[in-house]
Amino acid sequence: MPSPSPPPPPVLPISEHEDVIVAAVDANPVVVVIGETGSGKSTQLSQILHRRGYTRRGAIAVTQPRRVAAVSVSRRVAQELGVPLGDEVGYAIRFEDRTSERTCIKYLTDGVLLRESLSNPELRQYSVIILDEAHERSLNTDILLGLMKRLIKDRASDLKVLITSATLDGLKVSKFFSGCPVLNIPGTLFPVEKFYSTERPTNYIESSLRTAIDIHAKEPPGDVLIFMTGKDDIDKMVSKLEERIQNLEEGSCIDALVLPLHGSLPPELQVRVFAPAPPNCRRFIVATNVAETSLTVDGVVFVIDCGYVKQRQYNPSSGMYSLDVVQISRVQADQRAGRAGRTRPGKCYRLYPISIYQNEFLEATVPEIQRSSLAGSVLYLKSLNLPDINILKFDFLDPPSRESLEDALRQLYLIDAIDENGEITDVGRVMAELPLEPSLSRTLIEANELGCLSQALTVASILSAEITLRSASKDMDGKRKRQELPDGSGWGDHIQLLQIFESWDQSGYDPRWCSDHDLQVRSMKLSKDVRNQLCQIIKKIAKGSTDVHARKSRKSDPDYRKLRRALCVGYGNQLAERMLHHNGYHTVGYRSQLVQVHPSSVLEGDEYGKFPMYVIYHELICTTRPYMRNICAVEQAWVEPILKKLEKLDVNKLSGGSSAPKDSELLVENKQVNSLKKDMDVKQSEVDSKIQAARERYLARKGKK
DNA sequence: GAGCACTGC
C-alpha cells in the first residue's frame, strides 16, 4: 500500500554540513560548493536555504544545463517537501512553466534565467541564485557567471549566489569572485580502480573489443559502459562485439546483451538501456558522450574509455565550424570513470597510458564559449544595457579570444543589430527578444516589413530545430521507399524547408506524414513548438498574419522573392559570391573563404548548370572540404547594400575603441582570395566537364517535365 | 556526392 506521507529526506553528505554552508552563505555574497555525484547538492542546497529563511524576501533559483534535469530534480524536491509540483516548488523550461505566485524554490534551465534577466536585469524576484553543474561550462552558464559577478556588486547586500559543481576548479572560481569561500562536500561514489594501457592503441575499436571480451570472461557480473566517439564507431563495435561473444565457448560465460546508445537513436531504442538487465546477463552499452553526463545508466560497474570525444568547434577567422575527434580532458576522463562507481566499487580501463593522462590531456575541456560563434551572446549582452560595458573587456571566467568577439561584432553590424560605433540598434533590441540565432531573428524583422512574416516564421522554426533530411535515392532497393519531398522550386534549401513544413501543416500535422517522408517526428514537433513560441513573441509587432498558410503569399509571389529578400538581409553576414567560371563560391566578408555548395543542397543551376551569382548560407561546415549548408539564391541588387556596409566596416569603432586605421587586413585577404581564385581556375577543364554534366542533367529533367 | 558529439532560449 502506498504510504500517504512523503518519503523522509535521505541522509545525504550535504545535510551534515548544513551549519557550515549556512554560515558561509550568511557571511558571503558568493560561495562555491564542490560536491561530487551523490552529495545531494542539487536537491538539498535549495531546501537548506529555504529552511533557514532565505525565501522570505525572494525565491531561490537553481539553474540546470538541461531541461530533463530541471524537471526531475524539482519533482524530487517537491516530493521531499511533500508539496504538489508547481506550488512552492516548481520548474521553468522552454515551452513549459510550472511555477506559481507561491513558488519559492524554482528550478530552471540557465537559458531560461538568461531570458528572465532580459526583462528584469537585476533579477529582483530572487534572493538566492544557485548555478548548478557549473563545471559543465555551458555557454549560458559562463555568461551567467559574468553577469552574477556584476550583479553582486549592484545588489551588494541582498543577493546570494552559489556556484556548485562536481569537479570545477574551485580556486579559480574563488579568485574570479574575489576570494569567496570554497566548500567541499564529499560524494557517495564508490572507489573506481583505474587501469591504463602501456601505449595508445593504433585501433581503439579493436582494443576496446579485446578489453570488453576480457572483462566478460574474467570479471564477476556487472554491466560494461564503453565510450566511443560517434555513431559509426558504435555500430561497428556493436556488431563486432556480438560476433565475438557468439564465438566464445558455450557455457564459459554468462549471457550478454549489447546495446548502442547515442543521441540520434530513436527514443524507443534509447530507453532500452534503462530497462534492468535480464537475470544472469551482462549488458554492454556502447555509447557516445550522452552517457557521460546527460544519461545515467544503472548497473554499470566497468567502464572502457577510448580517451577521445567528438567536438564541434568554431573558427572565428573563417566563420567555419568543424566536427573534430579530440582528446578528452582529465575532468572528462574522471567523469567517465565515475560512471563505474555509482552502485558499488568499479573498474575503469583507460585505453591510453597514464603519462598521456597526466601530460597530454588538458585539465578541463575547453569551455563552449571558446568554441562557438558569439554573435548571439554578444547581442544578448548588448541588449542588457549594462552601464559602462565594453564587450571586449567583459569579465568572463575564461574570456573568449579577441578575434572571436570581433567576429561577433562584425556579424552583428552587417545585419544592423549594432551601428558603426558598436551601439545596439532598435532592430538589435527586437532581435535579442527572439530565441533564435541572430541571422534568423533579423530575417523575421525584415520579413515583417516586406509582408512575408508567416513564411519567415516557418523557415526560422524549422532551421532552429535542425531538421535533417536523409537522401531519398539511396533506399530505393527493398523496403518502403520514402515519399518525395518538395524541392524548394530550385531556389534552395530554405524554400524547401518552408515547403516541407507547409505540406506537414496541410496533412493536419499527421505524425505518419513525417515517417512517410523519413522525417523525425520529434524534431518536426519541436519546430512546431518553436513556431508557436515565436508567434507569441512577435505578435506585438506583427504587421501581417502569422498563420502557416497566410492566404495570399504563394499566389502573389510564386518565386518567393519577398522571403528570399528578407533572408538576404538576415544573412547579410553569411553571403557568398560565385566564381566567374565555375560553381565554386567565395564568402563575402571580412575574410573570404573558398567554399562549395553542399551536395545535399536542392539549389538548382540555370540552363547552363551554373548556380546563382549570389547565395546566402545558414552554416559553413568543414568536413572533407569547406561546404555551405542550407543555401538560398538571392539577387545581386539585394546584395549591394551589404557590400556598401562592408566597405565602411571598421572593427575598432565597433568595439568601442577610438577611431583607428581601417581594416587593412581586408585588402590583403582579398588579394589572397584572388590568387586562390586563379588557382582554382587552373582546374577549369575539370570543372567545365562537371558543369557540362550538370547541364545534361538539367536538360534531362526539363525534357521529362 | 556526403556522413551528423551534445545541449539550449
Exercise. Between A:Glu136 and A:Arg66, does at least one N-O distance fall below 4.0 Å, as a salt bridge requires?
Worked result: yes

Exercise. With a 4.0 Å cut-off on heavy atoms, is A:Leu323 in touch with a base, just the backbone sugar-phosphate, or nothing at all?
Worked result: base

Exercise. Looking across every strand, which nucleic acid part, if any, lies under 4.0 Å from A:Ser138 by heavy atom: base, sugar-phosphate, or nothing?
Worked result: nothing

For this session: Could you check how far CZ of A:Arg94 sits from C1' of B:dT7, rounded to whole Å?
Result: 12 Å

For this session: Kindly say if A:Arg67 contacts the phosphate of B:dC9, meaning a side-chain N or O under 4.0 Å from OP1 or OP2.
Result: yes

Exercise. Within the structure shown, what part of the strands sits under 4.0 Å from A:Arg115 by heavy-atom distance: base, sugar-phosphate, or nothing?
Worked result: base

Seminar exercise, completed: Sequence neighbours excluded, the answer for side-chain contact (heavy atoms from CB on, under 4.5 Å) partners of A:Ala59 is A:Tyr126

Problem set entry | A:Gly230 or A:Pro435, whichever maps to the more 5' nucleotide of DNA chain B | A:Gly230

Exercise. When all nucleic acid strands are considered with a 4.0 Å heavy-atom cut-off, which category describes A:Val290: base, sugar-phosphate, or nothing?
Worked result: sugar-phosphate

For this session: Would you kindly compare A:Thr109 and A:Thr624 by the position of their nearest DNA chain B nucleotide and give the one closer to the 5′ end?
Result: A:Thr624

Exercise. Contact class for A:Thr293 (heavy atom, under 4.0 Å): base, sugar-phosphate, or nothing?
Worked result: nothing

Seminar exercise, completed: Residues passing the side-chain contact (heavy atoms from CB on, under 4.5 Å) test with A:Leu384, sequence neighbours excluded, are A:Ser117, A:Leu118, A:Leu147, A:Tyr380, A:Leu381, A:Leu386

For this session: List in numerical order all residues of residues 259-272 of chain A for which some heavy atom is under 4.0 Å away from an atom belonging to DNA chain B.
Result: A:His262, A:Gly263

Exercise. Which class fits the ring pair A:His494 and A:Tyr571: parallel under 30°, tilted 30 to 60°, perpendicular over 60°?
Worked result: perpendicular

Exercise. Over how many whole Å does the gap from A:Glu136 atom CD to B:dT7 atom P extend?
Worked result: 11 Å

Exercise. When you check the side-chain N and O atoms of A:Tyr357 and A:Asp334, is any donor under 3.5 Å from an acceptor?
Worked result: yes

Exercise. Cation over ring, A:Arg336 on A:Phe227, under 6.0 Å and within 45°?
Worked result: yes

For this session: Would you classify A:Ser600 as touching base, sugar-phosphate or nothing, given that sugar-phosphate means primed atoms plus P, OP1 and OP2, and contacts are heavy atoms under 4.0 Å?
Result: nothing

